[in-house]
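Not measured: the values here are computed from a predicted model.
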Amino acid sequence: MTKLALDPSRSRVRIRTFAQGLLARLAHDLELVCGNLTGSAERTSSDAGSGSIEVPIGAIDVAGTLKDGRVDPNGLSPSDREDCLVKMRRDVFHAHANGSASGVVRIEAKLEAGKAHVRLVPPNGRAAERLVNVRLEPKGDTGTRVTGTFDVSLSAIGSDPVKGPMNAFRVKDSVEVLFELVFDETR
């Protein structure tokens, strides 16, 4: 068994949200980035192990708007970015009514033969579980990179519907989570 620690400087978790509804064309699809990641893992064989990471809600930020798969970091004004974050904290993670940034999202995974049983645990909601295809690649002499993508239903984790002004659009219930995590052996 090999103990591993997450390298946050070489790891990325992104969340993509999509607008739907009558006036969705006037809304923005967004990419959020998760900062200040912490985590650890244990490798029991070349393709099996377990791990967990934590994402502080306050370290989730808007990377930009999505257009044709590309991120435009200047697609929102600073006040629109802040409005999105407050709404995400309040409606999705049920942080205080003022949209405070307290709490962490915990992701736990058990890996076997290229499939990960992933459990996402929000701070004030319900846990959601998914079976995810992952890729494992050696990274340097002692590291491992784990990459993959999975969808999460907002309603499954206890989120309120996320809507625009006057209910002109809403965020699609299924959001996409993309991850590239690098773990290094601990010494």
Side-chain angles (χ1 to χ4, degrees), residues 6-39 53-107 118 120-125 128 130 132-135 145-182:
L6 181 73
D7 181 346
S9 68
R10 298 187 294 160
S11 298
R12 286 183 9 151
V13 174
R14 297 173 292 148
I15 303 165
R16 291 184 169 183
T17 68
F18 305 95
Q20 65 181 25
L22 182 61
L23 299 177
R25 294 186 67 159
L26 301 175
H28 299 287
D29 295 338
L30 299 177
E31 181 169 286
L32 307 170
V33 291
C34 303
N36 296 338
L37 303 173
T38 58
I53 65 169
E54 289 190 351
V55 178
I57 292 173
I60 299 174
D61 198 6
V62 178
T65 58
L66 283 172
K67 293 228 192 248
D68 300 322
R70 293 192 183 131
V71 178
D72 178 1
N74 300 313
L76 291 178
S77 69
S79 64
D80 286 344
R81 291 169 85 89
E82 186 59 28
D83 288 346
C84 289
L85 294 172
V86 167
K87 193 172 283 223
M88 178 259 312
R89 293 171 187 150
R90 184 187 62 229
D91 296 346
V92 176
F93 296 115
H94 302 288
H96 300 323
N98 65 1
S100 74
S102 62
V104 297
V105 177
R106 204 170 66 249
I107 299 119
V118 174
L120 186 133
V121 184
N124 298 310
R130 307 283 301 157
V132 179
N133 290 321
V134 297
R135 279 188 40 204
R145 181 168 60 171
V146 182
T147 59
T149 303
F150 63 97
D151 292 336
V152 173
S153 162
L154 293 176
S155 60
I157 64 169
S159 171
D160 294 334
V162 181
K163 303 174 193 174
M166 297 185 297
N167 204 18
F169 68 90
R170 64 190 169 283
V171 172
K172 187 176 175 183
D173 183 60
S174 182
V175 298
E176 183 179 42
V177 178
L178 303 94
F179 59 92
E180 179 179 339
L181 306 170
V182 177

Pair Val177-Val118, side-chain contact (heavy atoms from CB on, under 4.5 Å): steps then yes or no:
CA-CA 12 Å; Val177 178; Val118 174; over 6 Å; no

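- Contacts of Asp7 classified as side-chain hydrogen bond (donor to acceptor under 3.5 Å, both in side chains), with partners at least two apart in sequence or in another chain: Ser9, Arg10.
- Looking at heavy atoms from C-beta onward, Ile107 lies out of side-chain contact with Val121 at the 4.5 angstrom threshold.
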CA sep, side-chain torsions, deciding dist, call: Thr65, Leu30, side-chain contact (heavy atoms from CB on, under 4.5 Å):
CA-CA 4 Å; Thr65 58; Leu30 299 177; 4.0 Å; yes

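- Considering CG of Asp61 and CG of Leu32, their distance stands at 8.0 Å, rounded to 0.5 Å.
- Under the salt bridge (charged side-chain N to carboxylate O under 4.0 Å, His left out) criterion, Glu31 pairs with Arg14, Arg16, not counting sequence neighbours.
- Listed here is the closest heavy atom pair of Cys34 and Ile15: SG-CD1, 3.8 Å.
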Test log, rule side-chain contact (heavy atoms from CB on, under 4.5 Å), inputs Asp160 and His94:
CA-CA 8 Å; Asp160 294 334; His94 302 288; 3.4 Å; yes

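- Atom-to-atom distance recorded for Asn133:CG and Thr147:OG1 is 10.5 Å, nearest 0.5 angstrom.
- Taking CD1 of Ile60 as the reference point, atom CE of Met88 lies at 4.5 Å (rounded to 0.5 Å).
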Using a 3.5 Å cut-off and no angle test, enumerate the donor-acceptor pairs between side-chain atoms of residues 75-86 and protein atoms at least two apart in sequence or in another chain.
unit_1	atom_1	unit_2	atom_2	d
Ser77	OG	Ser79	OG	3.2
Ser77	OG	Asp80	N	3.1
Ser77	OG	Asp80	OD2	3.4
Arg81	NH1	Pro73	O	3.2
Arg81	NH2	Val62	O	2.2

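- Between the Asp173 side chain and the Ser155 main chain, a donor and an acceptor come within less than 3.5 Å of each other.
- Considering CD of Glu176 and OG1 of Thr149, their distance stands at 5.5 Å, rounded to 0.5 Å.
- One distance of note links NZ of Lys87 with NZ of Lys163; it measures 9.5 Å at 0.5 Å rounding.
- The minimum heavy-atom distance between Ser159 and Asp91, with the atom names listed, is OG-O, 3.4 Å.
- Heavy atoms only, all atoms of each residue included: Val104 and Pro56 are closest at CG1-CA, 3.8 Å.
- Not a single side chain to side chain contact (heavy atoms under 4.5 Å, CB included) links Lys67 to another residue, sequence neighbours left out.
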For Leu181 and Val13, what are the C-alpha separation, side-chain angles and deciding distance, and is it a side-chain contact (heavy atoms from CB on, under 4.5 Å)?
CA-CA 8 Å; Leu181 306 170; Val13 174; 3.9 Å; yes

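- For the atom pair CG of Leu6 and CG of Leu37, the computed distance is 6.0 Å after rounding to the nearest 0.5 Å.
- Remark: Pro123 pairs with Ile57, Phe93, Val105 by the side chain to side chain contact (heavy atoms under 4.5 Å, CB included) rule, at least two apart or across chains.
- Not counting sequence neighbours, Asp151 has no partner by the side-chain hydrogen bond (donor to acceptor under 3.5 Å, both in side chains) test.
- Heavy-atom minimum distance, His28 versus Ala19: O-CB, 4.2 Å.
- Residues Val33 and Ala63 share a closest heavy-atom pair of CG1-CB, 3.7 Å.
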